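Have a look at the structure below before the remarks.
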Amino acid sequence: MLNYIKSYLDSTTTPGQAGNMFWASVYILLIFLGLSVAVIAMNWLERKILAHMQVRLGPMRVGPHGLLQPIADAIKLLIKEDIMPSQADGFVFWVAPIIVVITAFTVFIVVPFGPTHAVTDMNIGVLFMLGVSSLSVLGIVMAGWASNSHYPLMGALRSSAQMVSYEIAMGLAVVSAVLMTSLNQTGTGTLSMIGIVQSQQAQQVWFAFKFFPLGLIAFFVFAVAMVAETNRAPFDLPEAESELTAGFHTEYSGFRWSLFFLAEYSAMIAVSSIAVTLWLGGWLRPFPHLLSGSTWDVVFSLLPGITFLLLGLIALVGVFRMPKHPYFRVQTIGLAGFGVVLGLIGLLLFLPPVRGRIQDIFWFSAKVAFFMYLYIWYRGTFPRYRFDQLMKVGWKVLLPVGIGVLILTAVAGVLL
Amino acid sequence: MTDPTFHLELQEHEKTFLDSNELIINMGPQHPATHGVLRVILKLDGEKVLGTECVIGYLHRGVEKIAEHRTYTMFNPYVDRMDYVAAVSNGLGYCESVEKLLNVEAPPRAKYIRVILAELNRLASHMLWLGTHALDIGAITPLFYTFRDREEILKIFEKYCGARLTTHAFRIGGCLYETYEGFEREVKKFLEFVTPKIGEYEELLTTNRIWVERTKGVGTISAKDCIALGVTGPVLRASGVKWDIRKAQPYAAYADFDFEVPIGQSGDTYDRYIVRMEEMRQSLRIIAQAIDRIPEGPIMARVPKVIKPPVGEIYHSIEAPKGELGYFIVSDGSTQPYRVRVRPPSFVNLQALDLMVRDQLVADVIAVIGTLDIVLGEVDR
Amino acid sequence: MQPVATTFFFYFLSGLTLVAGILVITRRNPVHSALALILALLGQAGLYLMLYAPFVAGVQIILYAGGIMVLFLFVIMLVNIEKSQKEEQFNKQWVVGILAAVALGVLFVLVYTKGKSLFPERVAQLPEQSNTQEIAVMLYGNYMFTFEIASLLLLVAIIGAVVMAKKRI
Amino acid sequence: MVPITTLHYLVVAAALFVLGVIGVLTRRNVVIVLMSIELILNAVNLNLVAFSRIYGLHGQIFAIFVITDAAAEAAVGLGILIAFFRNKETVNMDEVDLLKW
């Protein structure tokens with residue numbers, strides 16, 4: 001049994017490619033679990049970070065520093081009454097959030113957390129991700145239409161127009177990155193997510209910094225388009241609270257609403273992982289050549305453990321800063337336990353066999369987390385675009401820039 | 001929708017894109033961005049606004065009618081409930097009107113206290129406006145910054161008269177309360193505290209591309225239209241009319257101070273934003289001058305215990321944060337006013353909404369409602 | 001990547017596609033029809049994957065399901081469907097129509113069964129891993145001219161759609 | 001179990017084609033007629049891709065061209081539909097009896 005697991009851990013392909021159904025299922029379950037945890041963590045982090053940007057504390061009551069707040073929210077949403085408007089189209093209303101959630105989760109099949117840490121490696125990986133994530137617009141349109149109400153309908157129309165237009169700029173940016181993968185000896189590029197990262201490894205440069213500044217511009221186009229694609233501030237018009245109350249999900253409540261919420265956050269993680277894979281070297285650690293050599297390898301491989309130890313330490317500092325009142329005893333113990341768990345995870349990550357295998361996943365997640373922070377930062381800083389301005393940005397700025405970058409990348413690829 | 005209150009007619013050239021039914025949506029009274037219980041019926045072609053109709057009265061309490069059954073003194077706290085974010089200005093206007101009717105004048109020290117509190121209140125009102133306006137346009141952070149700083153003002157109010165919002169700070173004939181120990185020091189400290197904060201707000205918004213795009217050229221109203229509609233306050237000044245009652249017909253102690261009246265040119269939302277920001281700075285200037293020169297002396301004029309103004313009528317107006325706040329009081333010689341008519345700036349300014357949002361987009365309606373700075377308590381009274 | 005349980009997935013996906021196809025032509029509400037059509041398209045994308053055509057499957061999802069169907073839904077929302085739902089759904093020649101179509105189907109099946117020997121039963125060994133690259137080489141090599149014509153067609157379609165839909169140009 | 005051959009795919013494609021033809025011939029709603037045309041095109045695509053298993057990639061290339069064509073057709077068709085709806089306030093196929101208005 002142990003040998004079986006070990007033999008798998010040392011394999012060099014993804015379970016999908018190896019045709020190993022069992023491990024593929026395990027991977028799917030792990031990704032599902034990890035994604036749910038990530039969404040919960042993201043919910044908490046968004047509230048806390050946004051709160052601290054806005055000179056307030058955020059959730060503080062449920063659990064130490066509000067750590068259990070997302071769980072409390074989830075329970076609240078699950079036991080809330082599930083309201084369906086009487087004039088709504090029942091079936092479409094029911095199926096819309098499911099479509100959104102399924103599309104948001106399906107894309108993770110091809111996300112490479114490491115050279116072997118993906119469910120499968122598809123020949124059309126990027127195309128698959130873009131295609132499936134573009135299906136979520138169908139769910140949003142249906143949700144808006146089925147509610148049979150004016151605000152959701154306007155939200156749905158805005159959303160469909162917005163997502164369809166930004167997909168084009170997004171696709172152009174992606175194509176210019178895919179072009180870069182073909183700059184090798186054989187001259188054949190690839191759409192496979194793992195292949196893209198491997199060609200970055202082979203070319204010894206992250207595509208964001210290739211043909212400076214072309215790669216960076218394409219990356220920027222994608223970074224803007226992906227915010228619009230996920231309907232987040234400053235492009236959150238489909239759910240603009242002050243205009244359309246809540247946009248396409250105005251009429252949704254309880255569990256169904258929480259599905260939209262889940263889908264929104266996992267879509268954010270999905271597009272961020274596309275950006276990370278295409279431009280920021282996926283699972284590759286930073287400075288693989290500037291700081292090369294076995295010493296640096298060891299130093300970088302220690303970073304995951306150090307990060308977790310640091311988080312645990314922060315939690316423990318929080319323990320000492322807790323009020324000494326008996327009311328807070330349970331919370332203090334809880335926070336201490338949380339810190340200890342984080343510290344133990346950190347220590348576990350120092351073990352050499354774990355250290356080697358976890359590194360890819362750590363760097364990938366760290367890069368995605370950076371994008372998640374950007375999302376929160378945007379939300380705290382920017383006002384919202386108006387609809388015509390949004391279209392103007394999409395069609396008159398991002399699209400020409402995307403085409404220009406594509407052409408210049410092709411020229412640079414031929415000449416250099 | 002068959003709403004009896006709705007009688008917008010489409011002009012011939014305003015046919016919708018598909019010639020199909022135009023969309024009619026109810027914005028409010030339960031809507032996050034209508035600042036309370038304003039109901040705006042929007043007639044839309046897709047996102048374009050073909051016409052609007054405001055339905056008001058959801059917060060009507062009959063303040064003017066109540067006045068006819070209260071003595072002059074008893075009615076004083078009621079006016080605080082009209083524009084509840086600028087209660088001091090309401091009280092100031094009412095007290096000065098009755099004083100004018102009675103032919104008494106508040107002592108200089110009382111006038112200075114009134115100016116300081118009224119200007120602090122103007123700051124508080126503008127801060128609330130800025131926060132909610134930015135929130136409407138989608139910037140959620142300025143709201144918390146402005147509320148943090150507005151809190152300091154409310155603390156001063158609380159220390160002075162015990163109430164934070166509906167202060168009832170003034171009485172007919174002057175002020176009831178002497179300033180508390182350390183009032184001047186605290187106000188000065190507040191001035192030092194708040195001056196960089198205004199820069200902070202401006203840093204977040206004034207040069208922010210999205211903010212400029214969202215506000216420039218939105219909800220433009222010309223000076224002529226403003227005057228025709230009776231629009232006053234920062235909205236009028238942003239259209240280029242230099243009309244400020246503090247300068248034009250100085251009341252309280254405003255004649256003693258040196259301050260500018262900021263005006264805009266194009267009369268769009270961005271200009272109104274700039275004008276209000278500048279007004280906040282001017283308010284700080286006035287407060288600084290007043291706190292330096294505040295005279296000693298009594299704070300209450302000799303007013304009879306039972307206020308019985310002579311038969312007559314009076315109209316007196318002040319520059320409230322939102323515009324010209326006027327009181328028309330008719331006295332029949334008894335202890336109760338025969339009629340009190342309030343000219344609320346929000347109510348009059350709200351009339352301009354339809355003119356400002358025609359042919360613009362839904363998102364602009366929100367921006368314009370925000371920039372008009374209405375308080376529904378005052379609109380509905 | 002070997003497909004697993006080929007038989008099961010073939011019957012599952014083709015059953016899904018056909019049932020969705022029936023729903024497309026029988027639903028009263030165009031939005032439901034569009035949903036069924038999306039389901040049919042996705043089922044077909046699955047069939048393409050089983051036929052070792054991953055690129056076509058990807059294009060099917062991104063263009064058909066993600067692009068064209070959104071356009072359809074958009075238009076359905078723009079036009080007033082309440083009126084059309086109350087009307088008679090099928091026209092007067094529906095019996096003749098169904099008969100003709102079924103006759104066509106019978107003809108197809110007859111052709112297939114009779115002409116089975118005309119095409120070989122063998123299966124070409126297509127390079128599945130480099131499918132995308134192969135398609136790209138052919139698309140920009142053999143089919144260059146066709147590709148250009150397709151772009152021209154799209155240009156014409158853009159202009160045509162704008163001319164049709166816009167009231168005043 | 002019968003192994004799945006090309007013929008199986010062809011039969012599915014034929015059935016889909018027939019469904020599309022039935023939709024075009026019998027429905028009155030223009031939107032659904034357009035959708036039935038999409039069904040027909042898809043049946044053709046399935047045929048092409050199924051044959052590409054035997055004769056090489058040309059069928060897949062053709063399928064891609066057909067999808068391009070379908071996009072163009074949908075855009076123009078829906079444009080015509082909007083123009084039609086603007087004039088007649090209906091999406092009924094039987095009302096389309098004028099070539100020019």
Side-chain angles (χ1 to χ4, degrees), chain C residues 6-7 10 14 17-18 21-22 24-25 30 33-34 37 41 44 47-48 51 53 56 59-60 63-64 67-68 71-72 75-76 79 83-84 87-91 94 97-98 100-102 104-105 108-109 112 116 119-121 123-124 134-135 138-139 143 146 150 153-154 157 160-161 164-165, chain D residues 1 4-12 14-23 25-29 31-32 34-36 38-39 42 46 49-50 52-58 60-61 63-65 67-72 74-76 78-83 85-86 90-94:
Chain C
T6 322
T7 323
F10 171 76
S14 50
T17 311
L18 290 180
I22 293 170
V24 171
I25 58 170
S33 282
L37 185 53
L41 296 174
Q44 242 193 335
L47 286 178
Y48 291 159
L51 284 166
V56 183
V59 169
Q60 171 98 350
L63 251 174
Y64 247 123
I68 299 177
L71 194 65
F72 265 101
V75 170
I76 293 170
V79 302
K83 199 175 141 205
S84 71
E87 291 176 349
E88 182 64 38
Q89 293 297 306
F90 294 96
N91 54 22
W94 66 274
I98 288 176
V102 169
L104 190 65
F108 278 138
V109 174
Y112 291 154
K116 212 162 141 189
F119 54 87
E121 243 336 293
V123 171
E134 299 280 326
I135 285 187
M138 288 184 86
L139 202 57
Y143 291 92
T146 330
L153 177 74
L154 284 178
M164 292 290 175
Chain D
M1 244 347 167
I4 304 301
T5 58
T6 310
L7 191 63
H8 285 75
Y9 289 101
L10 294 187
V11 171
V12 173
L16 215 54
F17 191 90
V18 169
L19 283 177
V21 173
I22 293 177
L25 290 182
T26 61
R27 289 304 297 255
R28 291 172 60 161
N29 192 327
V31 184
I32 293 178
L34 282 174
M35 284 191 225
S36 304
E38 300 294 329
L39 267 186
N42 268 290
L46 191 54
V49 176
S52 84
R53 279 286 275 154
I54 301 173
Y55 296 113
L57 282 175
H58 301 273
Q60 294 187 19
I61 304 254
I64 291 168
F65 282 130
I67 292 177
T68 318
D69 181 60
V76 176
L78 292 172
I80 293 174
L81 170 64
I82 284 182
F85 182 77
R86 193 161 46 217
T90 176
V91 287
N92 192 338
M93 197 77 172
D94 295 348

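Please read these numbers as outputs of a predicted model, since none were measured by experiment. To find a chain, count down the sequence lines: A is the first, B the second, and so on, and within it residues start at 1.
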Exam field: side chain D:Gln60 to backbone C:Ile135, donor-acceptor pair closer than 3.5 Å: no
Would you mind telling me which of D:Gly20, D:Ala15, D:Ala72, D:Ala74 has the largest number of heavy-atom pairs within less than 4.5 Å of chain C? D:Ala72
Scanning both residues in full, the closest heavy-atom pair of D:Leu25 with C:Ala100 reads CD1-CB, 4.4 Å
Do you know which of D:Leu81, D:Thr68, D:Leu78 has the most heavy-atom pairs under 4.5 Å to chain C? D:Leu78
Between D:Leu16, D:Leu34, D:Asp69, which shows the greatest number of heavy-atom pairs under 4.5 Å with chain C? D:Leu16
What heavy-atom pair brings D:Ala75 and C:Leu71 nearest, and what distance separates the two atoms? CA-CD2, 4.0 Å
Between D:Phe65 and C:Tyr143, how do the two ring planes meet: parallel, tilted or perpendicular, split at 30° and 60°? tilted
Could you look at D:Leu46 and say if it's the side chain, the backbone, both or neither that has a heavy atom under 4.5 Å from chain C? both
Determine the option with the most heavy-atom pairs under 4.5 angstrom with chain D, choosing from C:Leu47, C:Val109, C:Val102, C:Val59. C:Leu47
Value rounded to 0.5 Å, distance of CZ in C:Phe72 from CD in D:Glu38: 4.5 Å
So which of C:Ser33, C:Gly105, C:Gly160 has the biggest tally of heavy-atom pairs under 4.5 Å with chain D? C:Ser33
Heavy-atom pairs under 4.5 Å with chain C - which of D:Val76, D:Val21, D:Leu19, D:Val11 has more of them than the others? D:Leu19
CG (C:Leu63) and CD1 (C:Ile68) are apart, to the nearest 0.5 Å, by 6.0 Å
Of the backbone (N, CA, C, O) and the side chain (C-beta and beyond), which part of D:Ile22 lies under 4.5 Å from a heavy atom of chain C, both, or neither? both
Counting heavy-atom pairs under 4.5 Å with chain D, which one of C:Ala157, C:Ala101, C:Gly97 comes out on top? C:Ala101
Gap between atom CD1 of D:Ile32 and atom CG of D:Leu39 - 0.5 Å precision: 11.0 Å
Under a 4.5 Å heavy-atom cutoff, which of C:Thr17, C:Leu37, C:Leu154 has the most pairs with chain D? C:Leu37
Which atoms of D:Ala63 are under 4.5 Å from chain C, going by heavy atoms: the side chain, the backbone, both sets, or neither? side chain
Spacing of D:Asn42 atom CG and C:Leu41 atom CG [to the nearest 0.5 Å]: 5.0 Å
Check whether D:Ile61 gets within reach of chain C through its side chain, its backbone, both or neither, counting any heavy atom under 4.5 Å. side chain
